Amino acid sequence: PANAAAAAAAAGPAGLAAGRGVESGDSRAMLGDLAKKIAAKLNSSEMKGIVQMTERIRRLEAEVMVTSEAREDLEQRAASVESVKDFLVEKLRDTELVLKRTMDDANESARQRQADAEVISFLDSRVHALELELSTAQKSGQAERDQRAKADAAAARRTKHLEETLAWETARFENQARDLKGQRKVLARAVKMLRDQVAGLSSDRDAYKRQAHALQRRES
């Protein structure tokens with residue numbers, strides 16, 4: 001068998017094919033005869049070298065087959081990786097769009113929150129100012145109410161004093177009126193008496209005048 005394998009290897013590619021049993025029929029018989037003739041011309045050292053070379057070629061062919069299969073596997077994997085890469089690139093684009101929209105929404109929300117914070121800050125300051133104004137107005141109103149209460153109390157005291165004074169003056173006037181009424185009656189009686197006295201004196205005066213005229217006429 002070693003001589004046959006060496007002969008097939010020495011016959012070149014055709015011999016190798018014959019050794020592997022690829023050819024059949026007359027071609028296989030011819031290659032077999034050719035291999036025998038070549039093997040008959042080789043010594044044992046040459047046969048051994050050819051056998052080693054044949055084994056090496058088989059190992060290399062096996063390695064080439066493995067490498068080819070590995071290459072095909074790598075190519076399939078590369079194709080899969082390329083597909084995955086394309087998918088990931090598309091997914092990345094979609095994710096970037098989503099991220100952009102999310103960032104835009106976040107920025108808009110941040111701007112809205114900032115605007116809301118400014119409005120809330122303004123309203124807080126305004127409310128604080130209004131509370132201060134209200135507190136000041138309440139204090140001022142309380143002071144005015146206190147002053148009005150004091151003024152009302154003073155007015156009530158004054159009114160009471162005036163009412164008491166009026167009542168006293170009214171009583172005094174009524175007393176004076178009653179006194180004047182009594183005095184008027186007394187004066188009326190006194191006037192009547194004085195008038196009567198004047199009338200009597202007038203009569204006496206007239207009488208005296210008549211007597212004086214009579215005396216004057218007598219003396220003349």
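Keep in mind it's a predicted model, so treat the numbers as computed, not measured.
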K.L.:
Check whether any side-chain N or O of Ser135 sits under 3.5 Å from a backbone N or O of Glu131 as a donor-acceptor pair, and report yes or no.
P.N.:
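Side chain of Ser135 to backbone of Glu131, a donor-acceptor pair under 3.5 Å: no, none is there.
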
K.L.:
Heavy-atom distance under 4.5 Å between the side chains of Leu123 and Val119, does that happen here?
P.N.:
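In contact.
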
K.L.:
Supply the atom-to-atom distance Thr67 OG1 to Leu74 CG, rounded to the nearest 0.5 angstrom.
P.N.:
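Interatomic distance, Thr67 OG1 to Leu74 CG, rounded to 0.5 Å: 10.0 Å.
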
K.L.:
Would you please say whether a donor-acceptor pair under 3.5 Å links the side chains of Arg111 and Gln114?
P.N.:
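Gln114 and Arg111 do not have a side-chain donor-acceptor pair below 3.5 Å.
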
K.L.:
Calculate, to the nearest 0.5 Å, the distance between atoms CD and CD belonging to Glu169 and Gln176 respectively.
P.N.:
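The distance works out to 8.0 Å.
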
K.L.:
Show your reasoning for whether salt bridge (Lys or Arg N to Asp or Glu O under 4.0 Å) applies to Lys150 and Asp146.
P.N.:
CA-CA 6 Å; Lys150 292 179 181 178; Asp146 293 341; over 6 Å; no

K.L.:
For the residue pair Gln138 and Arg145, what are the closest heavy atoms and their distance?
P.N.:
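Minimum heavy-atom separation between Gln138 and Arg145: O-NH2, 4.1 Å.
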
K.L.:
When rounded to the nearest 0.5 angstrom, what is the spacing between CZ in Arg195 and NZ in Lys192?
P.N.:
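Result: 10.5 Å between the selected atoms.
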
K.L.:
How about Lys85 and Glu82: do any of their side-chain heavy atoms sit closer than 4.5 Å?
P.N.:
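A side-chain contact exists here, since the closest heavy-atom pair is under 4.5 Å.
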
K.L.:
Are the side chains of Arg101 and Val98 in contact, using a 4.5 Å heavy-atom criterion?
P.N.:
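Yes, side chains in contact.
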
K.L.:
Check this for me: does any side-chain nitrogen of one of Glu75 and Arg71 sit under 4.0 Å from a carboxylate oxygen of the other?
P.N.:
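Looking at Arg71 together with Glu75, the answer is yes, because their closest N to O distance falls below 4.0 Å.
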
K.L.:
Say you draw a straight line from CG of Asp86 to CG of Leu92; how long is it, rounded to the nearest 0.5 Å?
P.N.:
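That separation rounds to 12.5 Å.
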
K.L.:
Run the numbers on Arg93 and Leu97 for side chain to side chain contact (heavy atoms under 4.5 Å, CB included), then give the verdict.
P.N.:
CA-CA 6 Å; Arg93 290 175 182 173; Leu97 291 175; 5.5 Å; no

K.L.:
Keeping Ser121 on the side-chain end and Ala117 on the backbone end, is there a donor-acceptor pair under 3.5 Å?
P.N.:
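No, because the side chain of Ser121 does not come within donor-acceptor range (under 3.5 Å) of the backbone of Ala117.
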
K.L.:
Are Glu55 and Arg58 close enough that some pair of their side-chain heavy atoms sits under 4.5 Å apart?
P.N.:
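In contact.
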
K.L.:
Does any N or O in the side chain of Asp73 come within less than 3.5 Å of the main-chain N or O of Glu69, such that one atom is a donor and the other an acceptor?
P.N.:
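Between the backbone of Glu69 and the side chain of Asp73 there is no qualifying donor-acceptor contact (under 3.5 Å).
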
K.L.:
Nearest 0.5 Å please: distance from the OG1 atom of Thr54 over to the CZ atom of Arg59.
P.N.:
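Result: 10.5 Å between the selected atoms.
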
K.L.:
Answer yes or no: is there a donor N or O on one side and an acceptor on the other, between the side chain of Thr136 and the main chain of Leu132, under 3.5 Å?
P.N.:
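Yes; judged by distance alone, with no hydrogens or angles, the pair exists.
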
K.L.:
Roughly how far, to the nearest 0.5 Å, is the CG atom of Leu166 from the NE2 atom of His161?
P.N.:
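Reported value, rounded in 0.5 Å steps: 11.0 Å.
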
K.L.:
Using a 6.0 Å cut-off, check whether atom CZ of Arg172 has over 12 heavy atoms from anything other than its own residue.
P.N.:
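Check passes, neighbour count above 12.
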
